[in-house]
Every structure is written in structure tokens, then in C-alpha cells.
Protein chains: 2
Amino acid sequence: MSAPRTESGAGRLVAVLVVIFRVEAGRLQVLLIRRSAEPFKDSWSLPGGRLPPGSSLLEAAVHRLEVETGVSEVFLEQLYTFSDLDKGDSVAAAYWALVDRESARLARRNEWQPQWYDVDRLPALAFQNETVVQLALARLRNKLAYSNVAYSLLPPEFTLSQLQQAYEAILSHVLDKRNFRKRILALGIVEPTGRYSSEGRHRPAQMYRFRERRPVVF
Amino acid sequence: MSAPRTESGAGRLVAVLVVIFRVEAGRLQVLLIRRSAEPFKDSWSLPGGRLPPGSSLLEAAVHRLEVETGVSEVFLEQLYTFSDLDKGDSVAAAYWALVDRESARLARRNEWQPQWYDVDRLPALAFQNETVVQLALARLRNKLAYSNVAYSLLPPEFTLSQLQQAYEAILSHVLDKRNFRKRILALGIVEPTGRYSSEGRHRPAQMYRFRERRPVVF
DNA sequence: CCAAAAGTGTTGGCTGTACACCCATGT
DNA sequence: ACATGGGTGTACAGCCAACACTTTTGG
């Protein structure tokens, strides 16, 4: 049957995890927390928690993201649901999100000590959270090519060079400037705002914004 | 936290659904069953059931597929996990699979009356199973282009015309014969067996097999 | 005038698409 | 002989990758 039978017996423990990425100083980073409970107490893991009764998976993921970073209107998508991350009998629905380093601010006062880590220099993680991160990273790299996911990685206005730097950080290889601009402009995911970045000791740069601040796939 | 706390209180009900496709007589079909329990008793739905204690999601999906069709070595992949298919507090992990009409044989004696339905002529479904089917269909169409998913839709040996017919049934539009053959051969997902189909009142056709009988993505 | 980043075009290869005819077989 | 499906090639267009110099500004 496609749904629960009304019957007795405890169900499964359902957890929700969120892989939260940002780009900082040309590095792709993931948000990790220190576990405050057993098992794996004090080791690093992805933020997450038990799915509260009455809450949908998405609501729980949004809430967790908001608790950790303070942001909510960002790209957030289901990644995969795992049932064998630990030896217990639990099911973990993983989500992934992209946040802008300026608007995402970690709650410093948290009992778990949230920290950003470069994806290519992760510490040892609880359960098999490295698997989850790797899967999220693969999805991210994949979606970069044919969607506007990056919209929530950058501030509302940005230069094409900044966008390119974000792409390079994610893909971890350099891109040709002219081809990058051609491709992005041809995709039509951004448009010029008419304003110019003045923050250089250099030539001012045209600023752009994403046409859509929600997921669009091509 | 990324996993269960050891604590009291019942968890969630976790269900596993499977969207099983086949191609029959040029039509793409989905397997449906009649619900034998409330709610939605006697209406059609996707095969599924509660995730048994101690079982992983994949094991449960494999098992369900095997119960319904008798096959197990086929393409089977996680689709999406829903938490709002019904008004209850359950979570449903959906999988999708492709089976060959020759080897998949429905268990006739089931209390639920499994039946194949054309995807474009579904009856009213319980919960929001139409959503699930539509999502699975989108994934299937998408994956056709850059993977060998079709490997479990056809018998071990088949002609390129049969393969093309399967593609056309899934995409629901006709394909150019020469371009199709060029593309499939260039992808390298199939190879000639050297044998010839003799089942025509027509010219015998070269038979092919898939190089890999497990998912390969390009 | 120097350093630093912005901005800009062309070419060649590859890939995908459109399109029509002949062949082998069975009846 | 005819009906049925099997099998094949070419030409054009769009896309992607490689590649280097000039401009603007601040110091």
C-alpha cells in the first residue's frame, strides 16, 4: 500500500540533515556542527535533527537552515534519503542549500559550535556524513551547468567576475573568462542592473542580478 | 544532529512506494494495485507498504518489486521522499523501476489486484500518487538521454527497432531512425550479438545487447 | 606610469538534426 | 510482385573550447 496502515507499533526515527554550502574567499565550504550527544559526541557532523511530529520534511529542513544561518529565502532542495548511515534503525532525509556569505550569519551562542569547513579539507565526520557531502557536491556541480542555482550564493548584485569566481570555487578548476560570460549571458539567468561596482582600485564593473530568485532549470 | 537521539516516543511511519514501468505494445505502462485497506479502500494506488523494522529503504523497495513482478535484477532507483502525500504524519520514500514485459509476471493470486495501466490513461489514484508517477516519468524521460536505464526494459537481446520503439513509447514522440541509431551506437551502450532476429515475415535484423546491465551515466 | 581587473571576437571542431532511398525477406 | 520493416549517408546549423589584447581606474 502507498501509505500507513493504522496499526500499533512505533514507527521509524526520521532525521533531517542539511548540507549547507557557501563560497568564501574562493573556497567552497560546508557548515558543520559538533555533536553534543552520543553517539559520536563531540565529533563533527552535518546539522540536522529529528523530524518533529506534524512537520513536513521541507519545513524541518527550512527550519534547520534558518536556525543555523538565519536565512530562509535561499536555494534548498532534497538530496537523498538514507537508511543506512548508522547502525540504528533510522531514516535520514538529506537536503542541500546554498547561502550567501554576507547574509548567512552563524548563531554564535549555539551549544553545538557551527563552523565552516573547506569541502576539500573536512575533518572526520560522524556517521557517514562524508558520503552525504560528496553526493551534495556532485549534485551542485551538475546543476551549475544547466540551472540558476547559484542565485543564493551571491548578494543581490554582483559582477560577472564574482560569479565566475564562485563557479570556479565550486568546480575547482579555472574557467575561461570570455566563454564563461558568453555562456552565462546566453543562458539568460542574469541581467545587468545598470549600476557599477565602485569598490575597486580598478576599473568599475557592471553589476548583474539573477532574473529569478528561485530555481529554474534548462 | 544527523541521527537519532536515543529517546522515547514513537517515530514516524515510513512507507516505501515503487513506480514500476514497462513498455507493452508501444505504450508506457505503470503497475497499480487496488488498496485493500482504509483509507482509500478499493481505489488504485502505487504498490508500497510500510518499511519493516530492520530493513533498509532499498531492501524494502527491492522486496516490493519482487513481490509484485517476480523480478529483482532490474533498474531500481530512489526517486523522492514525500512527507505530505496524505494528511497523516507519514513519510513515503518513492523508488522507480523498469521491467521487461517478458520477465515480469504479476502475481495473479494477490488480494490486491495488480494491473498495468497506460501512463496517459491513469485512473484516479489514492493519496497523491499521480504526483509521484509524474515525477518518476520526468526522471525516466530525462535519464533516457544520457544513460543506459533502458537495459531492464527489454529482453537480453533485441533489435535496434525494438529499442527505438521503447524510447518512442516513453518520450511519446517519434524519433528519426538514422539519428537514433547513430546516437545509440555513439553512446556505446549496446553492442551487436552477431545473432539475427528471425521472427519476421521480413528481413532479419541484427540483435544487440546492452554492454552493462547496471546503471551507467554519461 | 604601473598594477590590477574589466571587457571584448574569431576560428575550428564537434554534435545534433533534418531528410529519402534501396534491400532482404515472406507471402 | 508486393508489402513490410531493416538498414544506410550527407549537409547545415548551433554549440563549445581555445586563444590575447586593449581599456579604465587608483595609487
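Each chain gets a letter, A, B and so on, in the order the sequences are listed, and its residues count up from 1. In this text, all values refer to a predicted model and were calculated from it rather than measured experimentally. No hydrogens, no waters, no symmetry mates; every other heavy atom, side chains included, goes into these values.
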### Task
Send over the distance from A/His173 NE2 to D/dA18 C1', rounded to a whole Å.
15 Å
### Query
For the atom pair OG (A/Ser147) and CZ (A/Phe75), what is the distance rounded to the nearest 0.5 Å?
6.5 Å
### Query
Do A/Arg203 side-chain and D/dT23 base share a donor-acceptor contact under 3.5 Å?
yes
### Message
I need the minimum non-hydrogen distance between A/Leu85 and A/Ala92, along with the two atoms involved.
### Response
CD1-CB, 4.1 Å
### Query
How many Å lie between CG on A/Leu160 and P on C/dG7, as a whole number?
7 Å
### Query
Do B/His202 and D/dT4 share a donor-acceptor pair, side chain to base, under 3.5 Å?
yes
### Task
Take the protein atom CG of B/Asn179 and the nucleotide atom P of D/dT10, then report the distance between them rounded to whole Å.
14 Å
### Query
Within this structure, what is the CD1-to-C1' distance between B/Ile184 and D/dG7, rounded to whole angstrom?
16 Å
### Task
Classify the side chain of B/Lys177 and the base of C/dT17 as holding, or not holding, a donor-acceptor pair under 3.5 Å.
no
### Task
Round to a whole Å and report the spacing from CG of A/Leu185 to C1' of C/dA6.
14 Å
### Query
So does A/Ser161 get a side-chain nitrogen or oxygen closer than 4.0 Å to the phosphate oxygens (OP1/OP2) of C/dA6?
yes
### Message
Please report the distance, rounded to the nearest Å, between CZ in A/Phe180 and C1' in D/dA18.
### Response
17 Å
### Query
If you take atom types as modelled and just measure distance, does the side chain of B/Lys182 reach the base of D/dT8 with a donor-acceptor pair under 3.5 Å?
no
### Message
What contact category does A/Arg181 fall into here, base, sugar-phosphate, or nothing, at under 4.0 angstrom with non-hydrogen atoms?
### Response
base
### Task
Quickly work out the B/Gln206 CD to C/dT25 C1' distance and round it to whole Å.
16 Å
### Task
Calculate the interatomic distance between B/Arg178 atom CZ and C/dC21 atom P; express it in whole Å.
10 Å
### Query
Salt bridge or not for B/Arg195 and B/Glu157, using N-O below 4.0 Å?
yes
### SB check A/Asp42 A/Arg34 (cutoff 4.0 Å)
no
## Note on the structure
DNA chain D nearest-nucleotide lookup for A/Asp176 and A/Arg201: closer to the 5′ end is A/Asp176
### Query
Would a line drawn from the ring center of B/Phe158 to the ring center of B/Tyr208 be shorter than 6.0 Å?
no
